[in-house]
Amino acid sequence: MQYAPTVNAMIKYTLIPLLPFLAFIINILLGRNFIRDKAHWVAIPAVFGSFVLAVSAFIDVANGQVINIDVYSWIVSGDFNVSFGFLIDQLSAIMLLVVTSISTLIFIYSVGYMHGDPGYYRFFAYLSLFVFSMLILVMANNFLLLYFGWEAVGLCSYFLIGFWFHKKSAADAGKKAFIVNRFGDFGFGLGVILIFLTLGSLDYMEVFNRAGGIAGQTINILGTDFDLITVICLLLFCGAVGKSAQLPLHVWLPDAMEGPTPVSALIHAATMVTAGVFMVARTSPLFNLSATAMNTVAVVGGLTAIFAATIALVQNDIKRVIAYSTVSQLGYMFLALGVGAYSAGIFHLYTHAYFKALLFLGSGSVIHALGDEQDMRNMGGLKKFMPQTYKVFIIATLSITGIPFLAGFFSKDEILWRVYQQGDLGKFLWFLGTAAALLTAFYSWRLIYMTFHGKFRGTDEQEHHLHESPPVITVPLWFLAVGAVAAGWVGIPPILMEHGDRIGEFLAPVLGHAQGHGSHAEEYFVIAASIFVAVAGWLIAHRMYIKKPEIPAQLGAKYQPIHKLLYNKYWIDELYSKVFVQPTLKLADKVILGFDTIVIEGIVNGIPALIDSFSQGLRRIQTGLISNYGLVMTLGALCMLIGYMVFSG
């Protein structure tokens, strides 16, 4: 049931995104000359205020209030009428809690991590703008405002990934993220346009109510008829593939770790990459009308989950391992969405936010202690120097690998069970998901053992300066650790606890219930298989990196082509560079060279040449001979006389 809010309620909901935006304005205008290293005193209270208001909004929704308000008319042109409005229902209420709670902890952590950086005020300004953009995205009640937030988070990712723009790798990574997302966003934009042209509105409720009327209609593209709703959904999904780094547009996310670690945590846990998952869930009334689109989402998610996990097996950069883990976990979420288990996908988004933010911020604690060292081959033995970081890393690893009763166990197993129920395709995708879970356990514990166990492999100077991070860094880690343990307790499957799936019931009014068939015995089998692969991956990693540390080098030498393939990420970046980047640059060089030669040089050199020619002609007139001047004057007078006689008649 929708609720007509009071003026005070409207102000409250408007302040949720407005507070971070005001923090951005203050820091970006006054930070350089006045606020400087006190920028966090503006940004942190703002995002924490948004968190408090988000909790209040969540309570409103939990009490049965669904808020759909138009703050003001944004664009009015004929039949095109779009408002700046908010929809706060069960889905957006969960997202608000995730975005604001994770962001608050990341902001606090950033005080310690970014201390002394010359761009300190700019960093907090961009972070605040990032949070504002994501809040607009999840609160929007129409597609155009969603698109505004969608593009704004992409812009902020460019600012923050390339924050240390003096590093070429960071500047290139920022450009890469921005450009790769343009491909997906082009499709997404076309999808939004097609929605308006087909349904005559961009308001969510109107679009969803009218969508059933176009079921079965076709659209002709290049002489071939395609199902209209399928085309719309696949165009929207293009945007999700880009923002959430799914195959084949995944290549930007691992490079995004070139930005400061708090940025990586914010992108991977609470903002940009979750936008695609949220968008597909929000538009579930459209996707439900197209089995083709749903199957596409599921297959892309399943393939991405296993694909990214294989790459993470052999990476040595601590943040890159976690980045590929994010790509894989996002694949799980789309796998759930594609089989209609929308609540399971959002549930995993919710739990993943806590343990993934913990992993990234934990890696930042390690990098901070080692003076920006990120190669795990130069680490080792850190547990005695950084016991708190080690403990929270263990908690996050237990959670992501699916050890029972931690957050990741409940959300990941819910996805695998819902997928298993979907016939032959579902069982194939369940196998991919389970195999990815085995690899996840292995590479996660590999990271632990290479980083925290054994002997320290860094320099003597690094070892001399090793110490635990300050409380401003470790305290947020422990808050996230609580989430990595307990966030999943709101989604205990009914087979283990009656009425335990509270988050599924909470989201049901928006996302419905997943459909599927399976016995209790099959569900116990799925749970047992998931636990088995989690433990198996752990034990394999322990044997290879603790008991028999010579094994990895032996396997790498024995299976060198496979190791090289995985280490080089299947050479997809190189393929894209050869097929798209290099030809584009060559074409651009030719266009620029031609434009420069013909137009620019034509203007620069042509005008002086024209003036010179004109002056040469004038010079011939001025001979200095009086007889010549007299002749010219006589001829001129004669011409005037003849002209007068002719025209006067």
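On a predicted model such as this, the values are computed, not experimentally measured, just so you know. These values consider heavy atoms only, across backbone and side chains, with no hydrogens, waters or symmetry-generated copies.
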Does the side chain of [X] come under 3.5 Å of the side chain of [Y] through a donor N or O and an acceptor N or O?
X	Y	answer
Tyr354	Ser101	yes
Tyr126	Asn27	no
Tyr113	Thr261	yes

Problem set entry | Evaluation steps, side-chain contact (heavy atoms from CB on, under 4.5 Å), between His513 and Glu505 | CA-CA 8 Å; His513 291 284; Glu505 293 301 322; 3.4 Å; yes
Just wondering, do [Y] and [X] contact through their side chains at under 4.5 Å, heavy atoms?
X	Y	value
Arg122	Asp117	no
Leu96	Met139	yes
Asp203	Phe143	no
Met134	Thr274	yes
Val111	Phe124	yes
Met95	Leu349	yes
Val490	Tyr350	yes
Leu228	Leu194	yes

Euclidean distance, [Y] [atom2] relative to [X] [atom1], rounded to 0.5 Å:
X	Y	atom1	atom2	value
Leu146	Thr283	CG	OG1	8.5 Å
Gln246	His250	CD	NE2	10.0 Å
Leu155	Tyr158	CG	OH	9.0 Å
Leu129	Ser133	CG	OG	4.5 Å
Leu303	Phe334	CG	CZ	13.5 Å
Phe360	Ser325	CZ	OG	8.0 Å

Give a yes or no answer on whether the side chain of [X] reaches the backbone of [Y] with a donor-acceptor pair at less than 3.5 Å.
X	Y	answer
Gln329	Ile400	no
Thr218	Asp227	no
Trp252	Gly174	no
Asn181	Lys243	yes
Ser284	Ala281	yes
Asn142	Ser83	yes
Ser328	Tyr324	no
Arg418	Ala341	no
Ser128	Ala23	no

Seminar exercise, completed: Between Ser244 and the options Thr326, Leu253, Thr304, Val277, the side-chain contact (heavy atoms from CB on, under 4.5 Å) test singles out Val277
Determine the minimum heavy-atom distance between [X] and [Y], stating which atoms define it.
X	Y	value
Gly154	Ser157	O-OG, 2.6 Å
Pro20	Leu135	CG-CD1, 4.1 Å
Leu19	Gly49	CD1-C, 3.8 Å
Met272	Val153	SD-O, 3.9 Å

For this session: May I ask you to check whether His40 and Phe107 place their ring centers less than 6.0 Å from one another?
Result: no
For this session: Indicate, with yes or no, if the rings of Phe506 and Phe58 have centres closer together than 6.0 Å.
Result: yes
Parallel, tilted or perpendicular: which fits the ring planes of [X] and [Y], with parallel below 30° and perpendicular above 60°?
X	Y	value
His348	His352	tilted
Tyr147	Phe188	parallel
Trp74	Phe148	perpendicular
Phe84	Phe86	perpendicular
Phe80	Phe196	perpendicular

Exercise. Has Tyr576 got more than 12 heavy atoms of other residues, nucleotides or ligands less than 6.0 Å from its OH?
Worked result: yes
For this session: Flag the pair Asp89 and Arg282 as a salt bridge only when some basic side-chain nitrogen lies within less than 4.0 angstrom of an acidic carboxylate oxygen.
Result: yes
Exercise. Hey, mind stepping through Asn288 and Tyr342 against side-chain hydrogen bond (donor to acceptor under 3.5 Å, both in side chains) and telling me if it holds?
Worked result: CA-CA 11 Å; Asn288 286 336; Tyr342 299 104; 2.8 Å; yes
Exercise. Run the ring-ring contact (aromatic ring centres under 6.0 Å, His included) check on Tyr109 and Phe479 step by step: do they pass?
Worked result: CA-CA 11 Å; Tyr109 175 99; Phe479 274 101; over 10 Å; no
For this session: Please confirm whether Arg36 makes a cation-pi placement over Tyr120, using NZ or CZ under 6.0 Å from the six-membered ring centre and within 45° of the ring normal.
Result: no
For this session: Kindly indicate whether a cation-pi arrangement holds for Arg182 with Phe178, taking the cut-offs as under 6.0 Å to the six-membered ring centre and within 45° of the axis.
Result: yes
For this session: Just grab all the side-chain hydrogen bond (donor to acceptor under 3.5 Å, both in side chains) pairs involving residues 42-58, residues at least two apart or on different chains.
Result: Lys12-Ser56
Exercise. Salt bridge (Lys or Arg N to Asp or Glu O under 4.0 Å) between Asp573 and Lys176: does it pass, once the steps are laid out?
Worked result: CA-CA 11 Å; Asp573 284 280; Lys176 185 176 183 178; 2.4 Å; yes
